[in-house]
Amino acid sequence: MRKVFRTPSGASHTAVRDLDLTVQRGDFVAVVGPTGCGKSTTLTLVSGLEEPTEGEVMLSGTPVRGIDSKVGFVFQQDATFPWRTVLSNVMAGPRFRGVAKAEAKDRAREWLARVGLSAFEDRYPHQLSGGQRKRVALASTFVNDPAILLMDEPFSALDVQTRALMSDELMELWAGTGASVVFVTHDLEESIALADKVVVMTAGPATVKEVFEIDLPRPRRVESVRLEPRFVEIYREIWSSLGEEVRITRERGAQNVA
């Protein structure tokens, strides 16, 4: 698969090249790579928000043609409706899909309970902390029962402690859903702690360099698993691959400045 954008000057920019990646049902796949290499573009192609210039994205054997209701997307920035209450935000997805109001409300309340926000259903997003807003985003996504969950650095704006808590909550919410997850992050430790597989992307234009199987047992707690000797071994192995691509990106940036 290949994706080419037209720049403001009229030149062509290849964001993704020769991309070939398969995610199995129920897999949690983390994607890491240098800044600007095309990780987020990969997610937008899978979601149907963008169309590939060449090749196809397949979902359960069917080509992706536009946004698919089986795909959920959690963005880096808050994607809540500021004029809606927490309950109304979580109800929005089912309502847009034609679910009756009463049933949508029941589903929304079930997921708000699962993310620990039952007491906040009448609040508005601006009345919540960053971690609480992220929980609303997770509930708003999981309430639609997605077959594929795309996550673009969803916890990067949170403080370290909240980020760890949110990672553990994500693991608990995802467990048993059967959903496949593609999780883009700049944090290699986060990717290892969460994923079944870590995909290393090359310096842009992005393609898959290596795929690493993460053999740490589940269930995992993010803070404790990082202390395991095997975690450190995996980190060193993946960084030997990822670090090369980071250096290439830095060298390119220095040349452009010069």
Side-chain angles (χ1 to χ4, degrees), residues 1-3 15-16 19-33 38-52 55-80 89-90 92-99 107-108 110-111 114-115 134-156 166-167 169-185 190-201 206-208 211-214 218 220:
M1 182 172 62
R2 182 168 172 259
K3 179 61 180 180
V16 175
L19 182 61
D20 186 2
L21 176 64
T22 300
V23 177
Q24 300 294 335
R25 176 74 171 172
D27 271 359
F28 195 121
V29 176
V31 180
V32 296
K39 301 185 296 297
S40 295
T41 299
T42 300
L43 289 190
T44 60
L45 292 170
V46 176
S47 69
L49 292 171
E50 295 275 358
E51 294 183 359
E56 286 188 318
V57 179
M58 306 293 288
L59 177 57
S60 300
T62 303
V64 172
R65 299 284 187 266
I67 298 173
D68 195 303
S69 61
K70 291 180 288 188
V71 178
F73 208 136
V74 179
F75 298 90
Q76 182 176 356
Q77 303 298 323
D78 292 334
T80 54
N89 264 286
V90 181
R95 291 291 287 148
F96 291 154
R97 288 166 170 77
V99 175
R107 287 192 201 175
E110 176 186 347
W111 277 100
R114 293 185 67 173
V115 299
K134 195 57 65 176
R135 289 185 178 94
V136 173
L138 290 176
S140 298
T141 302
F142 278 109
V143 75
N144 297 311
D145 193 25
I148 295 180
L149 179 58
L150 308 177
M151 309 190 77
D152 191 2
E153 297 190 72
F155 307 142
S156 61
M166 289 305 307
S167 295
E169 288 198 24
L170 171 61
M171 291 290 92
E172 293 172 4
L173 295 173
W174 167 68
T177 64
S180 306
V181 180
V182 183
F183 187 102
V184 163
T185 178
E190 181 178 56
S191 70
I192 298 169
L194 294 176
D196 300 307
K197 298 176 183 177
V198 174
V199 177
V200 175
M201 306 290 273
T207 192
V208 175
V211 179
F212 295 85
E213 299 278 348
I214 308 302
R218 294 191 184 277
R220 303 175 195 161

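We use all heavy atoms of the structure for the numbers below, so side chains are in, but hydrogens, waters and symmetry mates are not.
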J.: Which pairs, with at least one residue in residues 173-185 and sequence neighbours excluded, count as a side-chain hydrogen bond (donor to acceptor under 3.5 Å, both in side chains)?
T.: T185-E190
J.: Mind checking side chain to side chain donor-acceptor pair (under 3.5 Å) for R218 and listing every partner two or more places apart, or none if nothing turns up?
T.: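 For R218 the side chain to side chain donor-acceptor pair (under 3.5 Å) partners, ignoring immediate neighbours, are D196.
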J.: Does L150 reach the side chain of I148, with side-chain heavy atoms less than 4.5 Å apart?
T.: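 Touching, per the 4.5 Å side-chain cut-off.
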J.: I need the D152 CG to S47 OG distance, nearest 0.5 Å.
T.: 10.0 Å
J.: For I214 and V198, run side chain to side chain contact (heavy atoms under 4.5 Å, CB included): C-alpha distance rounded to whole Å, both residues' side-chain angles, the deciding distance at 0.1 Å, then the answer.
T.: CA-CA 7 Å; I214 308 302; V198 174; 3.8 Å; yes
J.: Any chance you could measure E50, atom CD, to L43, atom CG, to the nearest 0.5 Å?
T.: 12.0 Å
J.: I'd like to know whether V32 forms a side chain to side chain contact (heavy atoms under 4.5 Å, CB included) with V199, so could you lay out the CA-CA distance, the side-chain angles of the two residues, the decisive distance to 0.1 Å, and finally the verdict.
T.: CA-CA 6 Å; V32 296; V199 177; over 6 Å; no
J.: Could you state the interatomic distance from CZ (R114) to CZ (F142), rounded to the nearest 0.5 Å?
T.: 8.0 Å
J.: Shortest non-hydrogen contact from P146 to G72?
T.: CB-N, 3.7 Å
J.: For the backbone of V211 and the side chain of K197, can you confirm whether one donor and one acceptor N or O come within less than 3.5 Å of each other?
T.: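 No, K197 side chain to V211 backbone: no donor-acceptor pair under 3.5 Å.
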J.: OG1/T207 to CZ/R2 distance, rounded to the nearest 0.5 angstrom?
T.: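 T207 OG1 to R2 CZ: 12.0 Å, rounded to 0.5 Å.
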J.: Which residue, V90, T141, V115, forms the side chain to side chain contact (heavy atoms under 4.5 Å, CB included) with V136?
T.: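 The option that passes is V90.
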J.: Is the backbone N or O of G48 less than 3.5 Å from a side-chain atom of R65, with the two atoms forming a donor-acceptor pair by type?
T.: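 Judged by distance alone, no pair lies under 3.5 Å.
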J.: Quick one: CG on L138 to CG on L170, what's the gap to the nearest 0.5 Å?
T.: 6.0 Å
J.: Would you find a donor on one side and an acceptor on the other, under 3.5 Å apart, between the side chain of D68 and the backbone of K70?
T.: yes
J.: For V99, is there any backbone N or O sitting under 3.5 Å from a side-chain donor or acceptor partner on R95?
T.: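 A pair under 3.5 Å: yes.
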J.: Hey, does the side chain of R220 reach the backbone of A193 with a donor-acceptor pair shorter than 3.5 angstrom?
T.: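 Checking the backbone N and O of A193 against the side chain of R220, a donor-acceptor pair under 3.5 Å is found.
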J.: Do any N or O atoms from the side chain of R97 and from the backbone of N144 form a donor-acceptor pair under 3.5 angstrom?
T.: no
J.: Answer yes or no: is there a donor N or O on one side and an acceptor on the other, between the side chain of T42 and the main chain of G38, under 3.5 Å?
T.: yes
J.: May I ask you to check whether over 12 heavy atoms, not counting those of E51, lie within 6.0 Å of atom CD?
T.: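 Incorrect, the count does not exceed 12.
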J.: Just verifying a value: how many Å separate L149 CG and L173 CG, rounded to the nearest 0.5 Å?
T.: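 So the CG of L149 and the CG of L173 are separated by 10.0 Å.
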J.: Taking the side chain as every heavy atom from C-beta outward, state whether M151 and F75 have any atom pair closer than 4.5 Å.
T.: no
J.: Report the C-alpha distance between T80 and N89 in whole Å, list the side-chain angles of each, state the deciding distance to 0.1 Å, and finish with yes or no for side-chain hydrogen bond (donor to acceptor under 3.5 Å, both in side chains).
T.: CA-CA 6 Å; T80 54; N89 264 286; 4.8 Å; no
J.: Is there a side chain to side chain contact (heavy atoms under 4.5 Å, CB included) between D27 and V181? Walk through the geometry before answering.
T.: CA-CA 6 Å; D27 271 359; V181 180; over 6 Å; no
J.: Grab the two heavy atoms, one from G178 and one from R25, that are nearest each other, plus how far apart they are.
T.: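 Result for this residue pair: O-NE, 3.0 Å.
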J.: Measuring only between side-chain heavy atoms, which start at C-beta, is V31 closer than 4.5 Å to F183?
T.: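 Not touching, per the 4.5 Å side-chain cut-off.
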J.: Can you tell me if K134 uses its side chain to pair, donor with acceptor, with the backbone of F155 under 3.5 Å?
T.: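 Answer holds: no.
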J.: Walk me through it: do V208 and L19 pass the test side chain to side chain contact (heavy atoms under 4.5 Å, CB included)?
T.: CA-CA 6 Å; V208 175; L19 182 61; 3.5 Å; yes
